[in-house]
Amino acid sequence: MFVLVKFSDSVRIAPADFRKKLSDAVIDELNKKYANKVVKRVGLCISLFELHSVGDPLVVPADGCTHVKVTFTYIVFRPFVGQILSGRIKKCTPEGVFVTLGFFEDILIPADQLQENTVLCVPRCVLAPALCDHLPLFFPRAHGGPMPCSNIDTSHVTWVLAGSDHEEQVWVWNYFDNKLYMDVENRIRFRIVEHVYFEQFKKPTAATPGAFPAEEQADTSEAAPTQPPFSLIAAANQDGLGLEKWWQ
Amino acid sequence: MEVLELPTAYLSDFEVLQAILQSEQERASREGGGGGKKRQPKNLMQVEADVKAHLHDRPCAHQTEEHIAAFLEAAIHSGLTKSEKLQILNHQPRSLVELHVLLQEAEERFSEEQLGQILAMIHQHLPIQPPSDAEDGDEEEGEYPAEEGDEAAAEGDAMDEDEDATAGQDAHYDGEEYMADATDDIMFDTSKYQNDEDDLADGGDDNE
């Protein structure tokens, strides 16, 4: 899931760092700039692997810093499509299962990519009676507990009502007569399906010359969805995928 | 910033863990031991700690270079592609169903007997993962710095597999050469297996 990516960049070294060895100063600057950052269409940068070349430090007018051209390889988190990863369940929502790797949290297994016959159990308390009318299914605990209703809904996602044993909503795989709960914190194995990169655009302020630029900016940032810059879509709809303990 | 080559090589979990431990070591020695950590950027400390925590939870925490070299050598004629070997190393499947997930079209390419052999190979050459306990992390960190010097080169060879698996012990690659080798290998390997190639190509296309 990790790859080496070769970059070239120009590094700016502040006078305070002149006492360091040039290569050390460059390494520090690169780590400051890249570590834990997402590079568009590349992935999440982790740590510097090695420096390939460090150019001569140049001074430009009106700047006390030196600028150095460097080429280097960086360790980048970028699982290839089809790769199998293993992480822990962060939360279950109607959208699907969110998985975290610790250092990377934006992995979604959409509801239709879970094992066949997986349903979402919602605790009784979160369902207001009025809301229940809009849900495809509603099965009271008294009638045999959480169960998918096969004769009404043919879509993959079916809503059921969970008993009191689960306080949060949770996806449940109905494997023959067994109910396999995908509880939070469990280890889950999944296959990468897609990379999703999201770029936050700043609207140009030139279109409305009368408006204050600052105000404009505040507006757009509020309206912008809080989508992560890099997220992964995964699947767990195959034998061997899903919670690791299911297959041991 | 410019991306020159993407990706130049695929790393196994083990290599990443080693690279991180090594870079921590280097920084510590540069700063002269204690107190040096404070000067490091927060983002780096954060991501390295998180990645380490994740990897210590995985099979790679118990692997050594010898394990990997032995496994790759044994797997030369197994018909596994490079990416499959990489995934086997990362996951260490212990059962048939776990192995099946990692292989492309396993049923068509391998007989049950062959799959059994691959599993046996994993059991034989890779360490059994003991139940996780807190001490693992410290042991690892203590063990590796001693052989730091050759690590990068030797690790590189672990990835160079097929032809190079035997050369693993004596090689003195420098970085550039290793990069080139690794990429060539991947190209070569993937072209042999149509499906595998599709997979990797897909990954690339998505991100062009």
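Numbered from 1 within each chain, the chains take letters A, B, ... in sequence-line order.
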inquiry  = Looking at chain B, which one of A:E244, A:Q238, A:R187, A:K33 has the largest number of heavy-atom pairs inside 4.5 Å, strictly under?
reply    = A:R187
remark   = Heavy atoms of B:V47 and A:A35 approach each other most closely as CG1-CB, 4.3 Å
Which atoms of B:Q87 approach chain A - backbone, side chain, both or neither, heavy atom under 4.5 Å = side chain
message = For A:F18, I'd like to know if atom CZ has over 12 heavy atoms of other residues, nucleotides or ligands within 6.0 Å.
response = yes
note = The interface call for A:I192 against chain B, heavy-atom contacts under 4.5 Å, is neither
remark   = Under 4.5 Å to a heavy atom of chain B? For A:V39 that would be side chain
message = Can you tell me if A:D63 has over 12 outside heavy atoms packed within less than 6.0 Å of its CG?
response = yes
request  = Going by the side-chain contact (heavy atoms from CB on, under 4.5 Å) test, name the single residue among B:M1, B:E5, B:E2 that passes it with A:S8.
outcome  = B:E2
ask   = Taking only residues two or more places apart in sequence, or in another chain, which ones meet A:K91 in a salt bridge (Lys or Arg N to Asp or Glu O under 4.0 Å)?
value = none
request  = Heavy atoms only, distances under 4.5 angstrom: which of A:K21, A:K32, A:K20 has the most pairs with chain B? Name it, please.
outcome  = A:K32
inquiry  = Working to the nearest 0.5 angstrom, can you tell me the gap between B:T8 OG1 and A:H52 NE2?
reply    = 6.5 Å
Main-chain N/O of A:Y34 paired to B:N43 side chain as donor or acceptor, under 3.5 Å = no
Sub-4.5 Å side-chain heavy-atom contact between B:D13 and A:M1 = yes
query = Looking at A:D24, A:I75, A:V5, which one has more heavy-atom pairs under 4.5 Å with chain B than the rest?
reply = A:D24
message = I need the residue from A:P79, A:G43, A:S47, A:S10 with the largest number of non-hydrogen atom pairs under 4.5 Å to chain B.
response = A:S47
message = Contact between B:H100 and A:D239 at the side-chain level, heavy atoms closer than 4.5 Å - yes or no?
response = no
message = If you define the side chain from C-beta out and look only at heavy atoms, does anything of A:L4 sit under 4.5 Å from B:E15?
response = no
task = Let me know if A:K40 has heavy atoms under 4.5 Å from chain B in its side chain, its backbone, both or neither.
result = neither
task = Give the minimum heavy-atom separation between B:D50 and A:G102, together with the two atoms involved.
result = OD2-O, 3.8 Å
ask   = With sequence neighbours left out, which residue pairs that include part of residues 83-103 of chain A fulfil the ring pair (Phe, Tyr, Trp, His ring centres under 6.0 Å) condition?
value = A:F2-A:F103, A:F77-A:F103, A:F103-B:H54
ask   = Where do A:W247 and B:S95 come nearest, in terms of heavy atoms and distance?
value = O-OG, 3.8 Å
ask   = Once you round to the nearest 0.5 Å, how far does OG of A:S86 lie from CZ of B:R58?
value = 3.5 Å
Sidechain-backbone polar pair: A:R191 side chain, B:V101 backbone, donor-acceptor under 3.5 Å = yes
remark   = One should read off an interatomic distance between A:I84 CD1 and B:I88 CD1, to the nearest 0.5 angstrom, of 11.5 Å
note = Pair count under 4.5 Å, heavy atoms only, with chain B: among A:L48, A:L241, A:N31, highest is A:N31
Contact origin within B:L44 toward chain A - heavy atom pairs under 4.5 Å = both
inquiry  = A side-chain contact here means heavy atoms from C-beta on lying under 4.5 Å apart; do A:I27 and B:E26 qualify?
reply    = no
message = Nearest 0.5 angstrom please: A:R189 CZ to B:H91 NE2, how far?
response = 7.0 Å
ask   = Any side-chain heavy-atom pair from A:R41 and B:L6 closer than 4.5 angstrom?
value = no
